[in-house]
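Only one structure is covered here, and it is reproduced in the block below.
Note that the structure is a prediction, hence the values are computed from the model and not measured.
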Amino acid sequence: MLLEREGALGAVSAAAAAARAGSGRWVRLSAPVAGSGRTALLEEAVRRQTHDGAMQVKRARGVLEEADFPFGLVRQFLSDDEVLPFTKLSGPDEQRLCHMLVTRLGRAAAEQPVLVAVDDLHHADEVSRRCIGYLARRITDLQVLLVVTECATPSAVVPFPPSSGTSVVLHPLSESAVGLMAREAGLDHKDTATCVEAGGGNAALVRALVSDLAEGRLSRPLSAPSPSRYRDTIAEWLGRKADPCSRHACLTLAVAAEGGFHTDPVLLRRLSGLCASDRSSCERSVRRLGGLLSHPLAREAVLAAAEPGEITALRIRVAELLDEGGAPAAAVAAGLLRLDRPGETWMVRALDEAAQDAVRTGHVAQSAEYLRHALSGPLDPERRADLSVRLASLELPHNATAAIRRLRSGLELRSDLRERATTATALSAALVARRDTGSALRVLHQVGRAGDAELVQMVQTLGALISSHDNDAWRTAIAGLRALAPTAAPAVEPLVCGLITEYEAGAGLCSAAEAVARVRPRLALPVDPQLRTAWLGSAATLLQWADRLEEAVELTGSCLPATPVPPDLTNAGTQCLLSVRAEAALWAGAFARVIAENGPLVEATAGQGVRLPHLTAMVAIARYETGGRREAWRTVNLVGPPPVHDSSWEWNEVRYARALLHAADHDWEAALDDYLACGAGQRAHDFVSPVATPWRSGAVIALVRLGQREAARELAEEELRHARTWGTARTVGRALRAVAAAVGGRMALCSLTEGAELLRASPAPVELVETLVDLGAAHIEAGNRRKGREALREAHAVALRLSAPAAESGEPGGAARLLVMVDDALRAAGARKRSSGHTLTLAERRVAELAAGGRTNAQISAALCLTRRTVETHLTHAYRKLRIARRAQLASAMEREEPAADPGTGVGDPGTGAGDPGKQGGA
């Protein structure tokens, strides 16, 4: 089936008619690439002109393998071999022979017009090409039609006289023609599109694709050992039909297209220069093949048909050209990744640059791939160690075992003492992330015995930071730091002071004011670069405990990378800063931010050998606060139950989170067990202060619910005593609420009143809401409905503020637990919330109810006779008032929503339980 070739056939028919009338003509059928249908077109022209005996035919075809044999093509239609020599002739002798050729054709044509059909003239030997040209110039008085096909660009010079013939350029098949061929073969829309894109309008390739797709033979990749006419067609063209420059251009473009540079005009000009024999011909080939080889099917077929050695050489050269031309590092590296190994130093450098760029854009897996490949290249020991350490930092969250092996290898390669210490600290941090504190301390001990005094002190101090994950080692380390403090090097002393202060704060030996007084002046002092993140982590921890949340977060921001760059868990200080950032956001009530910043890391490390108990606990608590108890349980279970033999302080945070969730489930015995286990872990760590994990406050509520008020009172008083030692409003206010839960009655009212006063002036919105709810219930129980109503509405306002979208991101705050708590308290007290702009109007409610029932905006618009824009506006207002972000949340939010209260409605008769500590579900 010939499509879109009637014009060419018409030109041949007209020339044939002229030849039969005694005016010989020539027709040249040309196309720039093989497979354009020249041979099929020539055969059809011969069939039409000879089917009724009107013309006789003489055939010849150029063969690439015979291009060096003189008269090879002419010999195909001259039967007298004795006339044609097998060597080149001199000028006059060659002309005599060409004249003889014309004479013989003239005699034959006198008996019956002759059609001379010459296929693939571009492959013919030079002498035969000259003979065919001679014939074209002498044809006008003969009944001879000369039809030749040639692979040539439209701009190529035609070697025949224009007065006696015409040259027809065969253009690629149109999309409609390709579509017709595909549809007739029964192909669907997707396969038809493949034929259009991967066929490039080339008739041979399109036919091969149609056949492969119709028979289901097209495998991916095309290098797979399975039959494919498409692959075979390209392989045949590359192996037998393509001239050297076209072949070279095709292979080069396929390699360039691997990196997506087949349309880069600068690169294409430079690629043209890779063909030393004929730059202009190669440049033309590059231009015409670029579009076709952009398709992966064509590219894969070309690469599969090439010799591995020539593809490797081209990949190296293309990558080198890209590198020299200033292409992005990722483009250079994409080609280098396809080599078995980078064999030159510039390749390693390019891969390293690409890895750095990939990390900056958050493409961690890609960066790791670049570094792995770079490590297979020629590297000196120090360079290999550098790359190994960097790769380990990327691998650690996803494969702790592989990362630790790389760090150990990097440590063995180090010769410089300070570099050894740096690598050892990275290895120790990775081991801690794998919960192997003992091995981490042994690594630091081995490298910390050599070097100058400051280096030894630096390693000792970092060892103390690592020791915080082991109770016994922590006490020993603090004793060592106390001995070191008077003589510590100035660049080491700030961290020494910070760690000692952390211990004393936890042990109830200093107040928040004392801790801040120690930290702030030292923030301006120079610190050893190896200790900077660790020092800032310690300082941020103390500032957070002292309720200086903004200052603490500012310190974390100075070291932690911004999204999407991943944090480096091979840095112990970074691990500490991540914990501070998460807990500070949790204390500030920014629950959605806690989840957004830490949830992906917690999920990514789960089951990969790295366990981050503290961050996991923070994310679980944040999800609990947003109302997702099931998700909170799933999160806390990612790290499993706290191990019996791991005494890290981080597991106490997990126990505390589990206790909160048990309390939310009203499983008070399980909650009490986890609270007490948390307390036992804290005391074993010499940590008695409620500043970090207020386990006593939670245990008090659980004890009250279990009817053990005396035990609750003892714990509450102990909590308050330690809280007053530390002296922040958060710790004291929280402890006063626990005391109130334990004692009840008028004494509870006094404690709650004092606690609310303290918390109003502190950055403790969660504790303030909980205390105000209890205070409101206590006032109502005491008969003072007005004060109770005021306290509950104040709590409602604070909870709403926490649930409002964040100014910087627009994401909802998500304080669902607190809002439910306040709603329950108001309902139990017989009160209704004032409409403060947060109650749905009747129109908003109707739209929201339909949307919650699954109706689309268009369906709601039709049902309520509203415009689509009005529906969207009502839904936007409803989302804001209901404090939700997605349509899927509407149904549950509507269940909680109450109609607006009538004007003047006040608090009804006091109910029971609004101030019951069991109702609040946590500390």
Going by distance alone, is a donor N or O of one side chain under 3.5 Å from an acceptor N or O of the other, for T635 and R623?
yes
Electrostatic pair R737:E767 at N-O distance under 4.0 angstrom:
no
Do the side chains of L543 and V580 get nearer than 4.5 Å, heavy atoms only?
no
Polar side chain donor-acceptor pair, R634 to N637, under 3.5 angstrom
no
Would a 4.5 Å heavy-atom cut-off, applied to side chains only, mark W633 and D665 as touching?
yes
Nearest 0.5 Å, please: how far is CZ in R581 from CG in L555?
13.5 Å
Validation row: L875, R887 side chains within 4.5 angstrom (heavy atoms)
yes
Is the F687 to W545 ring centre distance short of 6.0 Å?
yes
Would you call E717-R721 a salt bridge at under 4.0 Å N-O?
no
Could you tell me which residues satisfy salt bridge (Lys or Arg N to Asp or Glu O under 4.0 Å) with E583, sequence neighbours excluded, listed by chain and number?
none
Please examine the side chains of T693 and Y675, heavy atoms only from C-beta on, and report whether any two atoms are closer than 4.5 Å.
no
Would you call E650 and R435 a salt bridge, taking side-chain N to carboxylate O under 4.0 Å as the test?
yes
Looking at W651 versus H685, is the centre-to-centre ring distance below 6.0 Å?
no
Closest non-hydrogen atom pair, A799 against V822:
CB-CG2, 4.4 Å
Going from CD1 on I621 to OG1 on T626, what distance comes out if it is rounded to the nearest 0.5 angstrom?
12.0 Å
Can you tell me which residue among V636, V654, D646 is in a side-chain contact (heavy atoms from CB on, under 4.5 Å) with P613?
V654
With a 4.5 Å heavy-atom cut-off, do T731 and T728 have their side chains touching?
yes
Would you say W587 and D547 make side-chain contact, with heavy atoms under 4.5 Å?
yes
What distance do R734 atom CZ and L758 atom CG have between them, rounded to the nearest 0.5 Å?
12.5 Å
